[in-house]
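The next block holds one structure in the form of structure tokens; read it before the comments.
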There are 2 protein chains.
Amino acid sequence: MDSFFHHQLQFTRAFTKKINEQLAKVGLYHSQWSIVFYLKHFNSATLVEISNYYDVEKPTITRTVNRLEEMGLIEKIPSTDKREKKIHLTEKGMQVYDDAKRIVDTFEQNLISEISDEDLMVTLHTIQKLKEDVQKVR
Amino acid sequence: MDSFFHHQLQFTRAFTKKINEQLAKVGLYHSQWSIVFYLKHFNSATLVEISNYYDVEKPTITRTVNRLEEMGLIEKIPSTDKREKKIHLTEKGMQVYDDAKRIVDTFEQNLISEISDEDLMVTLHTIQKLKEDVQKVR
DNA sequence: ACAAATTGGTTACCTAGGTAACTATACGCT
DNA sequence: AGCGTATAGTTACCTAGGTAACCAATTTGT
């Protein structure tokens with residue numbers, strides 16, 4: 001299949017575009033949301049932990065975290081290891097999480113409900129395998 | 001499945017990262033390659049045609065096409081409709097296409113060969129459906 | 001025929017990914 | 001103890017996506 005990866009890219013672009021539209025209601029972008037999500041579920045984290053979890057390079061995380069700090073959604077507190085900074089949600093960050101969670105859940109649920117469980121499982125499995133394989137390249 | 005879209009995004013990021021590494025051998029980025037690919041197969045095109053084909057906004061195409069012009073891979077020729085510019089590959093662009101095509105083909109073939117035809121079909125179909133559904137949102 | 005609407009393309013500016021190179025701190029080993 | 005190495009984070013700069021607003025040329029409608 002020639003166009004397989006073409007369709008993959010098309011879909012993820014369309015997906016992030018639309019979810020950004022939805023998240024605009026609470027003033028978030030998708031990448032900001034993903035960090036807020038991580039902090040809520042793991043309570044607190046360093047930049048490197050977030051970077052490893054999402055497999056996104058450190059400078060990208062630095063930038064987005066700084067933006068979230070400007071927005072008053074997170075705080076950085078110095079650690080005993082003076083190199084690292086523990087990041088955690090502020091009260092405002094918690095509130096935004098709740099609103100954003102509802103938006104993202106209904107958006108994703110809408111999409112997923114149109115696909116059979118069977119197809120969803122096969123697709124998820126395939127994508128996971130492709131991701132492992134692609135990271136092995138070279 | 002909670003993490004379904006998470007894995008989608010992870011995969012496409014890993015994919016473009018690796019294909020960018022591969023294409024670096026011929027001095028191209030993936031988005032540049034996709035335009036070179038289009039021009040080779042459709043011979044000549046306007047910005048709007050490319051924009052519609054890839055569902056990418058016009059300013060993004062403008063920028064990448066300008067970069068390709070600087071690299072000497074494409075030329076813009078004025079059309080009878082004085083608003084539009086026909087874009088086509090130069091001789092150098094044709095050569096780069098051949099080299100890049102080989103790189104991309106073997107890269108994609110490597111990945112796809114690890115997946116059964118059955119799973120590939122289900123996945124492609126699912127992604128296509130999701131793409132249609134996501135564009136209907138709102 | 002001409003005013004209004006549409007279309008092709010650009011500019012300015014935003015988020016979001018990447019690499020390369022750097023600083024400062026911590027760790028390990030001899 | 002001290003030197004070398006590894007790690008956390010940042011800075012600078014690249015590509016790549018997006019929106020909003022605009023210009024100029026074309027098309028449409030009355």
Side-chain angles (χ1 to χ4, degrees), chain A residues 8-24 27-36 44-71 74 76-87 135, chain B residues 8-24 27-36 44-71 73-74 76-87 134-135:
Chain A
Q8 280 288 333
L9 303 189
Q10 297 259 84
F11 166 66
T12 55
R13 235 198 358 268
F15 176 83
T16 58
K17 195 171 168 178
K18 272 295 192 300
I19 211 166
N20 276 335
E21 275 178 27
Q22 298 290 317
L23 282 170
L28 281 185
Y29 285 91
H30 178 258
S31 68
Q32 297 167 350
W33 158 248
S34 71
I35 289 179
V36 168
S44 152
T46 65
L47 286 192
V48 169
E49 283 163 18
I50 301 174
S51 171
N52 289 336
Y53 183 76
Y54 287 116
D55 195 27
V56 164
E57 300 298 327
K58 292 184 296 177
T60 304
I61 305 294
T62 299
R63 191 210 297 130
T64 305
V65 163
N66 286 342
R67 192 77 188 81
L68 288 171
E69 191 179 25
E70 286 171 25
M71 296 161 73
I74 63 112
K76 298 174 182 169
I77 53 181
S79 168
T80 56
D81 182 337
K82 283 191 234 164
R83 287 172 305 179
E84 68 180 22
K85 307 170 181 175
K86 293 281 186 186
I87 301 156
Q135 283 170 339
Chain B
Q8 280 288 333
L9 303 188
Q10 296 259 85
F11 166 65
T12 54
R13 238 204 350 273
F15 176 84
T16 58
K17 196 171 165 177
K18 273 294 192 299
I19 210 166
N20 275 335
E21 276 178 27
Q22 298 292 318
L23 282 170
L28 280 186
Y29 284 92
H30 179 257
S31 68
Q32 296 167 352
W33 157 249
S34 70
I35 289 179
V36 168
S44 150
T46 65
L47 286 191
V48 169
E49 282 163 18
I50 301 174
S51 171
N52 288 338
Y53 183 76
Y54 286 116
D55 196 25
V56 165
E57 299 298 326
K58 292 183 297 176
T60 303
I61 306 293
T62 298
R63 192 211 294 130
T64 304
V65 162
N66 286 341
R67 192 76 188 81
L68 288 171
E69 190 179 25
E70 285 170 26
M71 296 161 72
L73 304 188
I74 63 112
K76 298 174 183 168
I77 52 182
S79 168
T80 55
D81 181 336
K82 283 191 231 161
R83 287 171 306 179
E84 68 180 23
K85 307 169 181 177
K86 292 282 187 187
I87 301 157
V134 86
Q135 283 171 339

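Throughout, a chain's letter reflects where its sequence line sits, starting with A, and its residues are numbered from 1.
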For this session: May I have the distance from A:E70 (atom CD) to C:dT15 (atom P), rounded to whole angstrom?
Result: 9 Å
Problem set entry | Rounded distance (Å) that lies between atom C1' of D:dG18 and atom CD1 of B:I61 | 12 Å
Seminar exercise, completed: Between A:N66 and A:E21, whichever has its closest DNA chain D nucleotide further toward 5' is A:N66
Exercise. Within a strict 4.5 Å, meaning less than it, do heavy atoms of the B:K85 and B:I77 side chains meet?
Worked result: no
Exercise. What distance do B:Y29 atom OH and B:T64 atom OG1 have between them, rounded to the nearest 0.5 Å?
Worked result: 11.5 Å
Seminar exercise, completed: With B for base contact, S for sugar-phosphate-only contact and - for none (protein heavy atoms under 4.0 Å), nucleotides 20-26 of chain D reads B----BS
Exercise. For the pair made of CZ in B:R67 and P in C:dT10, what is the distance, rounded to whole Å?
Worked result: 16 Å
Seminar exercise, completed: In terms of heavy-atom contacts, A:W33 and A:L23 come closest through CB-CD1, 3.8 Å
For this session: Rounded to the nearest angstrom, tell me the gap between atom CD1 in B:I87 and atom C1' in C:dG8.
Result: 11 Å
Problem set entry | Separation of A:M71 CE from A:N66 CG (nearest 0.5 Å) | 12.5 Å
Exercise. Can you tell me if the side-chain N/O atoms of B:T62 get under 4.0 Å from OP1 or OP2 in C:dT10?
Worked result: yes
Exercise. Just how far, in rounded Å, is C1' of C:dT10 from CG of B:L47?
Worked result: 9 Å
Exercise. So does B:K17 pair up with A:E57, basic N to acidic O under 4.0 Å?
Worked result: yes
Seminar exercise, completed: Closest non-hydrogen contact found for A:E69 with A:I74 is N-CG1, 3.6 Å
Exercise. Expressed in angstrom and rounded to an integer, what is the separation of A:R63 atom CZ from C:dA16 atom C1'?
Worked result: 6 Å
For this session: With heavy atoms under 4.0 Å as the rule, sort A:D55 into base, sugar-phosphate or nothing.
Result: sugar-phosphate
Exercise. Side chains of B:E84 and B:V48: closer than 4.5 Å at any heavy-atom pair?
Worked result: no
For this session: Scan residues 12-20 of chain B against DNA chain C and write down, sorted by residue number, each residue with any heavy atom closer than 4.0 Å; if none is found, say none.
Result: B:R13, B:K17
Exercise. Within the pair A:T60 and C:dA16, is there a side-chain N or O less than 4.0 Å away from OP1 or OP2?
Worked result: no
For this session: Describe the nucleic acid contact of B:T46 in one word from base, sugar-phosphate, nothing, applying a heavy-atom distance below 4.0 Å.
Result: sugar-phosphate
For this session: Could you tell me whether B:K76 contacts a base, only the sugar-phosphate backbone, or nothing, with contacts defined as non-hydrogen atoms closer than 4.0 Å?
Result: sugar-phosphate
Problem set entry | Donor on one side chain, acceptor on other, A:T12 and B:Q8, under 3.5 Å | no
For this session: To the nearest Å, give me how far apart CD1 (B:I50) and P (D:dA16) are.
Result: 14 Å
Exercise. Could you state the CG-P distance from A:L23 to D:dT19, rounded to the nearest angstrom?
Worked result: 15 Å
Seminar exercise, completed: For A:G27 and A:Q32 the tightest heavy-atom approach is O-OE1, 4.0 Å
Exercise. What distance do B:L47 atom CG and B:K76 atom NZ have between them, rounded to the nearest 0.5 Å?
Worked result: 7.0 Å
Exercise. Within the structure shown, what part of the strands sits under 4.0 Å from B:E84 by heavy-atom distance: base, sugar-phosphate, or nothing?
Worked result: sugar-phosphate
